[in-house]
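Okay, structure first, notes after.
We use all heavy atoms of the structure for the numbers below, so side chains are in, but hydrogens, waters and symmetry mates are not.
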Amino acid sequence: MSRLQVVSGKGGTGKTTVAAALALALATEGKRTLLVEVEGRQGIAQLFETEALPYEERKIAVAPGGGEVYALAIDPELALLDYLQMFYKLGSAGRALKKLGAVDFATTIAPGLRDVLLTGKACEAVRRKDKRGRYAYDCVIMDAPPTGRITRFLNVNDEVAGLAKIGPIHNQAQAVMRVLKSPETNVHLVTLLEEMPVQETVDGIAELRAAGLPVGRVIVNMVRPALLDEAELELGLERTPRTAIAKTLASAGLGGARGAAGRLVDPLLAQAAEYAERYALEGAQRAVLGTHGLPLHELPLLADGLDLAGLYELAGELRHQGIS
């Protein structure tokens, strides 16, 4: 099992939900996990129905298996103050810089530095050990930026090259990259069975591989249940006489008399045709995803919407599929 699992995906695919479900799945197996948010959206707090996360590691769930989920919302300004204290011992001087706006200025004009701080905090949690030499967390799950930005975000060594050739910032970037490109790390991509998210996933896989970053699994989220298979669709749309469909509707008490039931046939066939089109599209997108040699997992669309119970349901599905 990779100790750092990065979860990315096109906006709207539910990457934060998948990251949270993955953390719960691991905790259900008795593991102590840290769920890290780097975009400042407080999506994790909303999913776990808790108050906004501070810049500290806070326990947000205890799973049935005895494991625990901790969460951390990384603030780049506060992370920079930690960094200044760690390497330069600035202490109160660093806090004064924050009041003057220098910290925000630094992270704004140097986005590479911002990414070093965000990824560095997560990698520090991966490496951290207690006094007995045991890892503080069995696994760190990062809810990362969307697929379109994930390679640049993780490839901080290239980003920081223009900032510092030597010194603490350079050394920090090197240490981060050693974790990110090691067997300890996997980058999972979340998608939907739709053309644009799948294409962005395919592009993301290629970019991550070109950068030497480890791609883990593809997780297809919000998959609708299959109501009819291909043979049933062909039978219903092309072979079953309209009169037979009307008769079946009438015998089921739909539409009342045969004539009234007949008026339901056209809308029913139109809906079936729409379903068949979507079924074919989803099959084609599955085929595209299956050509990249990565494990492919699917999570169901929750009919009642996503709440905490639904999150546990998705966690159980991930465990059932062996992703944790």
* **Polar contact flag, side-chain donor to acceptor under 3.5 angstrom, Glu317-Gln321** => yes

* Tell me, please, which residues at least two apart from Ala136 pass side-chain contact (heavy atoms from CB on, under 4.5 Å). => Arg128

* Donor-acceptor side-chain pairing of Asn221 and Thr13 below 3.5 angstrom -> no

* Structure fact -> Closest heavy-atom pair, Gly204 versus Thr147, reported as atoms and distance to 0.1 Å, is CA-CG2, 3.8 Å

* Judged by atom type as modelled, is there a donor-acceptor pair below 3.5 Å linking the side chain of Glu200 to the main-chain atoms of Gly9? -> no

* Where do Met142 and Phe153 come nearest, in terms of heavy atoms and distance? -> SD-CE2, 3.7 Å

* Please list, chain by chain and in numerical order, all residues satisfying side-chain hydrogen bond (donor to acceptor under 3.5 Å, both in side chains) with Ser8, sequence neighbours excluded. => none

* **Asp304 atom CG, neighbour heavy-atom count above 12 within 6.0 Å** => no

* Could you pull out the closest heavy-atom pair between Gln5 and Cys139, with the gap in Å? => NE2-SG, 3.7 Å

* **Whether His188 side chain and Arg217 backbone form a donor-acceptor pair below 3.5 Å** => yes

* Asked: What residue pairs, at least two apart or across chains, pass salt bridge (Lys or Arg N to Asp or Glu O under 4.0 Å) with a residue in residues 279-299?
  -> Arg224-Glu282, Arg278-Glu282, Arg286-Glu298

* **Atom pair CG/CD1 of Leu318 and Ile323 - distance to nearest 0.5 Å** => 5.0 Å

* Leu213: which of Leu154, Asn186, Ile150 passes side chain to side chain contact (heavy atoms under 4.5 Å, CB included) -> Leu154

* Asked: Can any side-chain N or O of Thr191 pair as donor or acceptor with the backbone N or O of Pro197 at less than 3.5 Å?
  -> yes

* Asked: So, the side chain of Ser182 versus the backbone of Glu184: is there a donor-acceptor pair under 3.5 Å, distance only?
  -> yes

* In the hydrophobic clustering that connects Ile, Leu, Val, Met, Phe, Trp and Tyr at side-chain heavy-atom distances below 4.5 Å, which members other than Leu192 occupy its cluster, ordered by chain and number? -> Met222, Leu301

* Quick check: does any side chain N or O of Asp138 sit under 3.5 Å from a backbone N or O of Arg32, one acting as donor and the other as acceptor? -> yes

* Taking Glu57 for its side chain and Leu34 for its backbone only, find out whether a donor-acceptor pair lies under 3.5 Å. => no

* Structure fact -> Closest heavy-atom pair, Ala73 versus Gln42, reported as atoms and distance to 0.1 Å, is CB-NE2, 4.0 Å

* Hey, are Arg3 and Thr185 close enough side-chain-wise for a donor-acceptor pair under 3.5 Å? -> no

* Pairs where residues 201-210 contributes a residue and the test salt bridge (Lys or Arg N to Asp or Glu O under 4.0 Å) is met, not counting sequence neighbours -> none

* **Side-chain donor/acceptor of Lys15 to backbone N/O of Asp143, under 3.5 Å** => no

* Asked: Tyr137 versus Thr33: any side-chain heavy-atom pair under 4.5 Å?
  -> no

* Please check if Met196 and Ile219 belong to a single hydrophobic cluster, counting links between Ile, Leu, Val, Met, Phe, Trp and Tyr side chain heavy atoms closer than 4.5 Å. => no

* Does the Glu68 side chain pair with the main chain of Ala63, one donor and one acceptor, at a distance under 3.5 Å? -> no

Donor-acceptor pairs under 3.5 Å, side chain of residues 47-54 to any protein atom, not counting sequence neighbours: which ones?
unit_1, atom_1, unit_2, atom_2, d
Glu49, OE2, Leu308, N, 3.4
Glu51, OE2, Arg58, NH1, 2.9

* Does the pair Arg152/Asp115 count as a salt bridge with the N-to-O cut at 4.0 Å? -> no

* Structure fact -> Smallest heavy-atom separation, Leu24 atom then Ala61 atom, equals CD2-CB, 4.2 Å

* What heavy-atom pair brings Thr201 and Val190 nearest, and what distance separates the two atoms? -> OG1-O, 4.2 Å

* **Spacing of Leu302 atom CG and Asp307 atom CG [to the nearest 0.5 Å]** => 8.0 Å

